[in-house]
Structure formats: C-alpha cells, structure tokens
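Before any comments, here is the structure.
Each chain gets a letter, A, B and so on, in the order the sequences are listed, and its residues count up from 1.
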Number of protein chains: 2
Amino acid sequence: MTGVRETKKKQTRKAIMQAAMVLFGEKGFEKTSIEELARAAGIGKGTIYGYFQTKSDILHAFCEDELECLHEELTTNADKEIPILQQMVSIYMSEFRQITENREFARLFMQQTAFPRDVDLDRHLANEDNYFKLLFPLFEKAQERGELRNDMELLHITGHFYGLYLLLVSAWLSGRIGTEEAEPALEMLFRQALEGLQPRPDQTPSTGTSHE
Amino acid sequence: MTGVRETKKKQTRKAIMQAAMVLFGEKGFEKTSIEELARAAGIGKGTIYGYFQTKSDILHAFCEDELECLHEELTTNADKEIPILQQMVSIYMSEFRQITENREFARLFMQQTAFPRDVDLDRHLANEDNYFKLLFPLFEKAQERGELRNDMELLHITGHFYGLYLLLVSAWLSGRIGTEEAEPALEMLFRQALEGLQPRPDQTPSTGTSHE
DNA sequence: AAGAAATATTGACTGCAGTCAACTTTTCCA
DNA sequence: TGGAAAAGTTGACTGCAGTCAATATTTCTT
C-alpha cells in the first residue's frame with residue numbers, strides 16, 4: 001500500500017478545516033491566529049501552509065466546498081419548468097443565505113470571489129465556469145419556453161444575473177437592505193432585468209411590477 | 001490667527017498623499033511599507049495613523065478624491081439629451097478607465113467599495129448616496145423622454161446599472177475581458193438591461209443587439 | 001531489507017501593520 | 001505674558017501572517 005501519505009493528507013486537511021470551523025465560529029476569523037488554529041488542529045504552524053496559501057484561503061476553501069455542493073444540488077433539483085425568474089431567485093437566495101450566515105465570512109468571501117487576487121485566478125475561473133455551466137441548461141430550457149431571448153449568449157445572461165446578485169450582497173453588507181428584504185429585492189431586480197428598464201412598447205406590465 | 005494647526009494638518013495630509021502616489025506608483029501598494037511612506041513624507045510612522053485608519057485607507061482616500069471630481073464633472077457636463085445608454089456607458093467607462101490604470105489599485109478599491117468593512121460604512125454610504133444623487137437627474141430626463149420606465153424607483157435603476165458595472169470590473173480582473181473589450185461589453189450589458197432579457201412581444205430588436 | 005530519493009512537518013525567525021505612553025507644539029484664558 | 005489644557009507627533013513595542021532551513025516520515029529502487 002502506497003497510500004499512507006494520501007490518507008494522512010486528507011486527515012490533516014480535514015482537521016484544519018474542522019478546527020477552523022470551530023474557532024472561526026467562536027472567535028471570528030480575524031481574531032483567530034494561525035498558530036492557534038494549528039494548535040487546535042494538532043499540527044505545527046508551518047504545516048498549514050502546505051495545505052493553504054494564505055489565512056483567508058482557509059475560509060475561502062470552506063465556503064467553496066459548501067457552495068459547490070449547494071450549486072450542484074440546486075441546479076439539478078431545480079424544477080426546470082417553473083418560470084426562470086423563480087428559479088433564479090430561488091438559487092441565488094440559497095447562496096445568499098449560506099453566505100450571509102456570518103457577516104465577516106460574507107465580506108471576505110465576496111471580496112475574494114468578485115475581485116480575486118491574481119494568485120487565485122485559475123482556481124477561481126474554474127469554479128466560476130463550473131457554476132455557470134450548471135446554470136446553462138436552465139437558461140436553455142427557458143429559451144425553449146420563450147421566456148428568454150435566444151439572440152444572446154448564455155454567458156451574458158448568466159453574467160447579468162450574477163451582476164445583480166453582486167449588487168444584492170453589496171447592498172446587504174452596506175445595510176441598505178435587511179436580511180428579510182433581500183428576497184423581494186432580488187426578485188425585483190431580476191424582474192427588472194427580464195422586463196427591461198425601458199418602457200415596453202405595448203404589453204401591459206405583468207403582475208407585481210410596481211409596489212411601494 | 002488660530003489656524004497654524006489646520007494649515008499644518010492640510011500640509012501633512014497632502015505630503016502623505018503625495019508620497020503615497022509616488023511610492024505606490026513605483027513599488028506598488030503591498031511592497032510599500034508604512035514606515036517607508038512616513039519617511040518619504042518626512043514624518044513619523046505613528047503620525048500617519050492620525051490621518052488614516054489603515055494602510056488601504058490611504059489608497060482608498062486617493063481614489064475617492066479623484067473619483068469625486070470625476071463624478072461631479074461627468075454628471076454635470078454630460079449631454080443630457082443623448083440616449084441614456086450612451087450616457088451611462090460614457091460615465092461608467094470613465095470611472096472604469098480611472099480605476100483600472102493600476103491593477104492592484106483596482107482590486108483593492110473595488111473590494112473596499114463593493115464590500116466595505118463596518119468601520120467604513122458611514123463614509124462609504126455618504127459617498128455612494130452622493131454619487132447616486134448626481135445620476136438621478138440624468139435618469140429623470142430619460143424618463144421624460146420615454147427612454148426609461150417611470151414605475152420604478154430611481155435608486156433601483158441606479159442599482160441595476162451599478163450591479164452590471166461591478167460585473168464588468170469583476171470580469172476584467174478575472175481576465176475574462178480585456179481592456180479594449182470593456183466598452184463594448186458594458187454597452188451590451190446595459191443594452192440588455194434596457195431592452196430586457198425576455199423576448200419583446202413584437203418590436204424588432206434595435207440595431208446591433210447580436211454580435212458573436 | 002537497506003538506504004537513497006521524495007515528500008511532509010516543524011517552530012524559530014522576519015517583516016510589517018497598527019498601538020500607545022511619553023513628549024512637543026499650539027491654543028486658550030486669566 | 002505665563003502657564004494650563006488641548007491637539008499633534010513620535011518611535012519603541014506587540015502581535016501575527018507568512019518563510020525557510022533543518023528534521024522526520026514515507027516511498028522507491030535494487
């Protein structure tokens with residue numbers, strides 16, 4: 001058996017993540033030092049850097065693992081026949097709820113995700129592409145149903161929704177919108193995106209466009 | 001005269017900013033230490049913290065100063081009669097060019113701006129409100145011309161464009177789009193936003209909607 | 001099985017952001 | 001004008017992220 005090393009590596013990584021989950025949860029990210037984390041995981045400080053490049057990578061890896069599962073689950077289990085608006089709201093709200101469980105997490109994660117360092121680019125792009133590809137089938141179905149224009153690239157549609165999601169999180173972090181207001185706010189933004197910001201030539205606006 | 005102090009404060013602040021501009025430009029933000037910066041500005045290290053709360057605040061203040069001027073200039077000098085699409089593209093592209101002059105600047109600035117720390121919230125919100133208010137008149141004019149729906153709050157329209165701008169910068173930082181592609185990309189996103197992602201009931205799509 | 005090569009672990013060390021108590025300069029007021 | 005209070009300046013100090021040369025463990029080769 002030539003796998004002692006691999007087994008140990010996995011164990012150690014798991015131990016770090018586990019210790020991180022506990023300590024970050026208890027004391028917060030900034031107030032947990034790497035040395036503390038190493039002690040809690042039962043390893044030396046330097047070892048951590050064999051698994052993660054920076055401190056915030058640990059946080060990031062943690063979020064990424066969780067989110068990848070979530071994405072997978074959401075996009076495959078999604079009811080592909082309900083209106084694309086509902087699908088998008090439901091998917092992005094799940095992500096939003098996951099992320100905003102902890103304010104500090106949310107800020108750091110979004111900073112890294114939306115505006116990544118050059119070092120993280122490759123990993124980041126792969127993740128993003130992966131996510132986008134999960135969304136594509138939903139858009140294709142919606143195009144077939146006539147809910148989305150088909151003279152646009154799927155990547156651009158995806159980008160459009162993603163941009164509005166970035167705005168949502170930004171507004172939440174700034175305190176412009178509260179946790180409970182997030183869902184209606186996102187729905188409104190997505191509806192705006194679908195219907196367009198310019199007046200529609202004839203069509204009566206569909207339900208619930210104007211409130212307040 | 002009770003203004004010796006004030007005069008000195010202004011001088012010192014200016015000296016810090018000036019030294020920062022030079023050093024950050026020469027060596028980059030990360031490789032410039034606060035001690036170095038202080039020496040270059042001819043003051044002690046601790047003094048800097050009387051003017052800025054953190055190192056990246058210096059960078060941020062610098063960008064903010066420049067951008068405030070830019071915003072003021074762009075929104076007042078804007079030709080309020082040309083289509084809102086052109087106005088928005090032109091305004092946001094000016095900001096984009098300013099920001100992306102230096103890659104590192106761009107990343108840190110956007111991280112702080114889109115996802116600010118709690119400490120910076122008040123300052124940030126004030127800035128943002130200020131900016132948004134400069135944009136409102138442009139939207140109002142566009143509404144009068146019938147280019148924008150008037151059953152939406154101006155803040156939401158502003159937010160919509162801003163979200164797409166965030167996406168643009170994010171995509172640029174990720175290398176998904178190059179510097180020259182930025183303008184057409186932004187135009188396309190904004191056009192999508194105006195026309196809507198769902199098919200228009202009758203109207204023939206206006207010029208240049210689909211290009212590879 | 002022996003020992004050479006490859007890989008993983010470690011904690012003392014480095015460098016820097018940010019603090020703070022002692023000190024200096026300016027302003028205020030009698 | 002003198003001297004007390006307020007405001008500003010300072011660099012030695014603290015704490016922590018990240019490095020690295022020395023050491024330990026695992027795998028490969030014969």
- Task: Hey, can you tell me if A:Phe24 and A:Phe29 have their rings parallel, tilted or perpendicular (30° and 60° cut-offs)?
- Result: perpendicular
Check your understanding: Quick one: do the B:Trp172 and B:Thr179 side chains pair a donor with an acceptor below 3.5 Å?
Key -> yes
| Under 4.0 Å between a side-chain N or O of B:Lys9 and OP1 or OP2 of D:dG8? | yes
A:Leu59 CG to D:dA17 P, in whole Å, measures 13 Å
Separation between CG (B:Leu164) and CE (B:Met88), nearest 0.5 Å, reads 12.0 Å
When rounded to whole Å, the NZ to P distance for the pair A:Lys55 and D:dG15 reads 15 Å
Sorted by chain and number, sequence neighbours left out, salt bridge (charged side-chain N to carboxylate O under 4.0 Å, His left out) with A:Glu81 holds for A:Lys141, A:Arg145
When rounded to whole Å, the CD to P distance for the pair B:Gln11 and D:dT9 reads 11 Å
CG (B:Leu37) and NZ (B:Lys45) are apart, to the nearest 0.5 Å, by 11.0 Å
A:Thr158 meets the side-chain contact (heavy atoms from CB on, under 4.5 Å) criterion, sequence neighbours left out, with A:Phe132, A:Leu135, A:Phe136, A:Phe139
Separation of C:dT9 atom P from A:Arg13 atom CZ, nearest Å, is 13 Å
Here the gap from A:Arg117 atom CZ to B:Gln111 atom CD, rounded to the nearest 0.5 Å, amounts to 8.5 Å
For DNA chain D, consecutive-pair runs of 3 or more (Watson-Crick or G-U wobble, both H-bond-type distances under 3.5 Å) give C:1-30 with D:1-30
Under a 4.0 Å heavy-atom cutoff, the residues of residues 30-52 of chain A touching DNA chain D are A:Thr32, A:Ser33, A:Ile34, A:Lys45, A:Tyr49
Less than 3.5 Å between a donor and an acceptor, one on the side chain of B:Arg5 and one on the base of C:dT25, is that the case here? yes
note: A:Ile58, atom CD1; D:dC16, atom P; distance rounded to Å ~ 15 Å
Give every donor-acceptor pair under 3.5 Å between a side-chain atom in residues 181-190 of chain B and any protein atom, sequence neighbours left out.
{"residue": "B:Glu181", "atom": "OE1", "partner": "B:Gly178", "partner atom": "N", "Å": "2.5"}
{"residue": "B:Glu183", "atom": "OE1", "partner": "B:Arg97", "partner atom": "NH2", "Å": "2.9"}
{"residue": "B:Glu187", "atom": "OE2", "partner": "B:Arg191", "partner atom": "NH2", "Å": "2.7"}

Which of C:dG18, C:dT9, D:dT25 is nearest the side chain of B:Thr54? It is C:dG18
Checklist line | Under 4.0 angstrom between B:Lys8 side-chain N/O and C:dT26 OP1 or OP2 | finding: yes
Contacts of A:Lys8 meeting salt bridge (charged side-chain N to carboxylate O under 4.0 Å, His left out) (sequence neighbours excluded), chain-then-number -> none
